[in-house]
J.: 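Got a structure for you, questions after.
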Amino acid sequence: MEIVSENKCFGGVQGVYKHTSSACKCDMTFGLFLPEEAEDGPVPVLWYLSGLTCTHENAMTKAGAQAWAAEQGIALIFPDTSPRGDDVADDDAYDLGKGAGFYVNATQEPWAPHFKMWDYLAEELPALVGEKFALDMDRQAITGHSMGGHGALTLAMGLPGRFRSVSAFAPICNPTQSDWGRKQLSAYLGDDESNWAAHDSSILMREKGFDGPVLVDTGTSDQFLDLLRPEALAAAAAERRQEATVRMQKGYDHSYYFISTFMEDHVSFHADALYAG
């Protein structure tokens with residue numbers, strides 16, 4: 001693992017690291033904020049999954065999460081959104097290919113050789129950071145934005161017992177019924193829609209739910225609201241009687257101004273779960 005950079009930040013360290021991924025068969029980069037408490041022993045972990053077109057850097061520099069994580073003594077992990085490199089397949093559209101991994105294991109060409117983001121985030125990267133850094137991997141939580149909110153919700157429900165809490169900012173809630181989803185799921189997973197259900201948080205919520213608290217925020221002025229379909233997730237949670245808070249925030253859009261406004265709420269929400277019991 002290569003240290004790209006390490007900077008003092010709110011008493012802790014904001015680092016950027018690169019490693020060769022066996023899952024994605026390319027070099028991958030991630031950001032990691034370690035609070036000051038990590039000097040004395042392992043600290044709880046909050047994962048942040050980013051949205052379309054993003055890298056590890058967007059949330060790391062724009063979300064304002066480090067201040068609140070430092071206050072709570074929580075580490076933040078900012079993975080990339082897709083494999084990278086000259087040999088990695090790409091598409092001219094912003095919503096497919098590099099920067100648009102959708103947190104699935106692709107089975108279709110030309111994506112299958114590298115686009116294994118589910119395995120990367122479910123297995124490889126947690127094992128790496130758990131070995132290399134002072135992290136308490138028994139206390140994990142996960143959040144994300146847009147495509148990353150979709151990833152956070154599906155990973156949380158798809159890996160029972162892994163995360164103590166899950167939240168999302170403007171997640172893609174029902175990709176099997178949205179143009180932000182049907183295009184990508186068919187490209188990565190093929191046309192058999194039965195293979196898509198494991199990556200639709202509304203379907204997962206209805207069928208499996210999550211053993212812990214859920215928090216979702218979406219802006220009423222989000223320019224992508226019809227693609228996000230938060231009403232599908234809210235209906236599924238209500239039907240299951242899932243412990244969940246699904247909020248529509250008046251006047252907010254899809255930007256990092258929205259995310260940074262409610263980041264304190266989300267970090268505090270996860271801190272309550274990570275330090276409980």
J.: Answer yes if L215 and L228 sit in the same cluster of Ile, Leu, Val, Met, Phe, Trp and Tyr residues linked by side chain heavy atoms under 4.5 Å apart, and no otherwise.
T.: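 In one cluster: no.
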J.: Between Y120 and H19, does the ring centre distance come in under 6.0 Å?
T.: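 Y120 vs H19: aromatic centres under 6.0 Å.
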J.: If you compare all heavy atoms of T218 against all heavy atoms of A170, which two are closest, and at what distance to 0.1 Å?
T.: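 Nearest heavy atoms, T218 then A170: OG1-CA, 3.7 Å.
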J.: For H56 and T29, run side-chain hydrogen bond (donor to acceptor under 3.5 Å, both in side chains): C-alpha distance rounded to whole Å, both residues' side-chain angles, the deciding distance at 0.1 Å, then the answer.
T.: CA-CA 7 Å; H56 68 280; T29 303; 5.2 Å; no
J.: Judged by atom type as modelled, is there a donor-acceptor pair below 3.5 Å linking the side chain of S201 to the main-chain atoms of T154?
T.: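 Looks like no, no N/O pair under 3.5 Å.
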J.: Taking the six-membered ring for Trp, are F210 and F163 closer than 6.0 Å centroid to centroid?
T.: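 No, the ring of F210 stays outside the 6.0 Å limit from the ring of F163, centre to centre.
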J.: Could you tell me if the side chain of Y252 sits less than 4.5 Å from the side chain of T220, heavy atoms only?
T.: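 T220 does not reach Y252 side chain to side chain.
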J.: Checking S165 against F269 for the side chain to side chain contact (heavy atoms under 4.5 Å, CB included) test, could you report, in this order, the C-alpha distance in whole Å, the side-chain angles of both residues, the deciding distance, and whether it holds?
T.: CA-CA 8 Å; S165 52; F269 164 80; 4.0 Å; yes
J.: Counting only pairs under 3.5 Å, give me each side-chain donor-acceptor contact of residues 1-10, with atom names and distances, residues two or more places apart or in other chains.
T.:
| residue | atom | partner | partner atom | Å |
| --- | --- | --- | --- | --- |
| E6 | OE2 | Y17 | OH | 2.7 |
| K8 | NZ | G11 | O | 3.3 |

J.: Check the surroundings of atom CG in D272: do more than 12 heavy atoms from other residues, nucleotides or ligands lie under 6.0 Å from it?
T.: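 Enclosed: over 12 neighbouring heavy atoms sit under 6.0 Å from CG of D272.
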J.: Quick check for you: to the nearest 0.5 Å, what is the distance between C26 atom SG and K98 atom NZ?
T.: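 C26 SG to K98 NZ: 9.0 Å, rounded to 0.5 Å.
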J.: Using the side chain to side chain donor-acceptor pair (under 3.5 Å) criterion, which residues pair with D91? Sequence neighbours excluded.
T.: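 If we apply the side chain to side chain donor-acceptor pair (under 3.5 Å) test to D91, skipping adjacent residues, there are no hits.
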J.: Could you state whether Y94 and V104 fall into the same hydrophobic cluster, counting links through intermediate Ile, Leu, Val, Met, Phe, Trp or Tyr residues with side-chain heavy atoms under 4.5 angstrom apart?
T.: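 Yes, it is one cluster - the side chains of Y94 and V104 are joined through contacts under 4.5 Å.
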J.: Count I, L, V, M, F, W, Y as connected when their side-chain heavy atoms are under 4.5 Å apart, and connections chain through other members. Are L125 and F133 then in the same cluster?
T.: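 They do share one cluster, since a chain of ILVMFWY contacts under 4.5 Å joins L125 to F133.
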J.: Quick check for you: to the nearest 0.5 Å, what is the distance between S167 atom OG and H266 atom NE2?
T.: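 Between S167 OG and H266 NE2, I get 5.0 Å after rounding to 0.5 Å.
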J.: Provide the closest heavy-atom pair for I142 versus A156 in the form atom of the first, atom of the second, distance.
T.: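 In terms of heavy atoms, the two residues are closest at CG2-CB, 4.1 Å.
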J.: Does any N or O in the side chain of E131 come within less than 3.5 Å of the main-chain N or O of L128, such that one atom is a donor and the other an acceptor?
T.: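 Between the backbone of L128 and the side chain of E131 there is no qualifying donor-acceptor contact (under 3.5 Å).
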J.: Working to the nearest 0.5 Å, report the span between CG of L274 and CG of D136.
T.: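 Going from the CG atom of L274 to the CG atom of D136 covers 9.0 Å.
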J.: Quick one, N174 with L233, criterion side chain to side chain contact (heavy atoms under 4.5 Å, CB included). Give me CA distance, side-chain angles, the key distance, then yes/no.
T.: CA-CA 7 Å; N174 196 197; L233 182 65; over 6 Å; no
J.: Verify the distance criterion only: is there a donor paired with an acceptor across the side chains of S21 and E124 at less than 3.5 Å?
T.: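 Yes, side-chain donor-acceptor contact under 3.5 Å.
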J.: Under the side-chain hydrogen bond (donor to acceptor under 3.5 Å, both in side chains) rule, what do S221 and D253 come out as? Steps first, then yes or no, please.
T.: CA-CA 5 Å; S221 296; D253 59 19; over 6 Å; no
J.: Does Y257, at its OH atom, have more than 12 non-hydrogen atoms belonging to other residues, nucleotides or ligands within less than 6.0 Å?
T.: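 Not more than 12 within 6.0 Å, no.
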J.: Where do H270 and A141 come nearest, in terms of heavy atoms and distance?
T.: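 Reported closest heavy-atom pair: ND1-CB, 3.4 Å.
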J.: Charged N to carboxylate O under 4.0 angstrom, K116 versus D119?
T.: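 Salt bridge flag = no for D119 with K116.
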J.: Answer yes or no: is there a side-chain heavy-atom contact under 4.5 Å between P230 and L225?
T.: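 Touching, per the 4.5 Å side-chain cut-off.
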J.: Indicate every side-chain donor-acceptor pair of residues 35-51 with a distance under 3.5 Å to a residue at least two apart or in another chain.
T.:
| residue | atom | partner | partner atom | Å |
| --- | --- | --- | --- | --- |
| W47 | NE1 | Q140 | OE1 | 2.8 |

J.: Roughly how far, to the nearest 0.5 Å, is the OG atom of S178 from the CG atom of L227?
T.: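 Between atom CG of L227 and atom OG of S178 there are 4.5 Å.
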J.: Would you say the side chain of Y275 lies within less than 4.5 Å of the side chain of R139, judging by non-hydrogen atoms?
T.: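 Side-chain contact under 4.5 Å: yes.
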J.: What are the two closest non-hydrogen atoms of L96 and A187, and how far apart are they?
T.: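 Residues L96 and A187, closest heavy atoms: CD1-CB, 3.8 Å.
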J.: Measure the CG-CZ distance between D138 and R162 for me, rounded to the nearest 0.5 Å.
T.: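 Rounded to the nearest 0.5 Å, the CG-CZ separation comes to 11.0 Å.
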J.: Does the side chain to side chain contact (heavy atoms under 4.5 Å, CB included) test come out yes or no for T176 and E193, once each step is laid out?
T.: CA-CA 8 Å; T176 63; E193 295 188 20; 5.6 Å; no
J.: Is L121 close to P79 at the side-chain level, that is, under 4.5 Å between some pair of heavy atoms?
T.: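 They are in contact (side-chain heavy atoms under 4.5 Å apart), so the answer is yes.
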J.: May I ask you to check whether over 12 heavy atoms, not counting those of D27, lie within 6.0 Å of atom CG?
T.: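 Yes - once you tally the heavy atoms of other residues, nucleotides and ligands closer than 6.0 Å, there are more than 12.
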J.: Looking at every heavy atom in both C173 and R229, which two are closest together, and how far apart are they?
T.: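 That would be CB-O, 3.3 Å.
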J.: Determine, for R84 against D80, whether the closest basic-nitrogen to carboxylate-oxygen distance falls under 4.0 angstrom.
T.: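 A salt bridge links R84 with D80.
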J.: For a 4.5 angstrom cut-off between non-hydrogen side-chain atoms, does Y103 reach M147?
T.: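 Heavy-atom side-chain distance check passes, below 4.5 Å.
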J.: For residues 179-206, which residue pairs qualify under ring-ring contact (aromatic ring centres under 6.0 Å, His included), counting only residues two or more places apart or in two chains?
T.: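 As it turns out, the ring-ring contact (aromatic ring centres under 6.0 Å, His included) pairs with a partner in residues 179-206, which skip direct neighbours, are W111-Y188, F115-Y188, W118-H199, W180-F224.
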J.: Working note: T143 + V166, criterion side chain to side chain contact (heavy atoms under 4.5 Å, CB included); need CA distance, chi angles, decisive distance, verdict.
T.: CA-CA 6 Å; T143 188; V166 59; over 6 Å; no
J.: For the atom pair CG (L135) and CD1 (I77), what is the distance rounded to the nearest 0.5 Å?
T.: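 Result: 5.5 Å between the selected atoms.
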J.: Applying the 4.5 Å side-chain criterion to the ILVMFWY set and letting contacts propagate, would I203 and V246 be lumped into a single cluster?
T.: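 Shared cluster, no.
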J.: What pair of heavy atoms forms the shortest contact from M137 to P126, and how long is it?
T.: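 Looking at all heavy atoms of both residues, the shortest contact is CE-O, 3.6 Å.
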J.: Cluster question for you: counting only ILVMFWY and a side-chain heavy-atom cut-off of under 4.5 Å, with indirect links fine, are F78 and F258 together?
T.: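 F78 and F258: one cluster.
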J.: Decide whether D191 and S186 meet the rule of one side-chain donor and one side-chain acceptor closer than 3.5 Å.
T.: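 No, no side-chain donor-acceptor pair sits under 3.5 Å.
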J.: Side chain to side chain donor-acceptor pair (under 3.5 Å): which pairs involve residues 237-247, sequence neighbours left out?
T.: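 Those involving residues 237-247 are R206-E239, D217-R247, R247-D265.
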J.: Which side-chain N or O atoms in residues 60-74 pair as donor and acceptor under 3.5 Å with protein atoms at least two apart or in another chain?
T.:
| residue | atom | partner | partner atom | Å |
| --- | --- | --- | --- | --- |
| T61 | OG1 | E57 | O | 3.0 |
| T61 | OG1 | N58 | O | 3.3 |
| Q66 | NE2 | Q14 | OE1 | 2.9 |
| Q66 | NE2 | M60 | O | 2.8 |

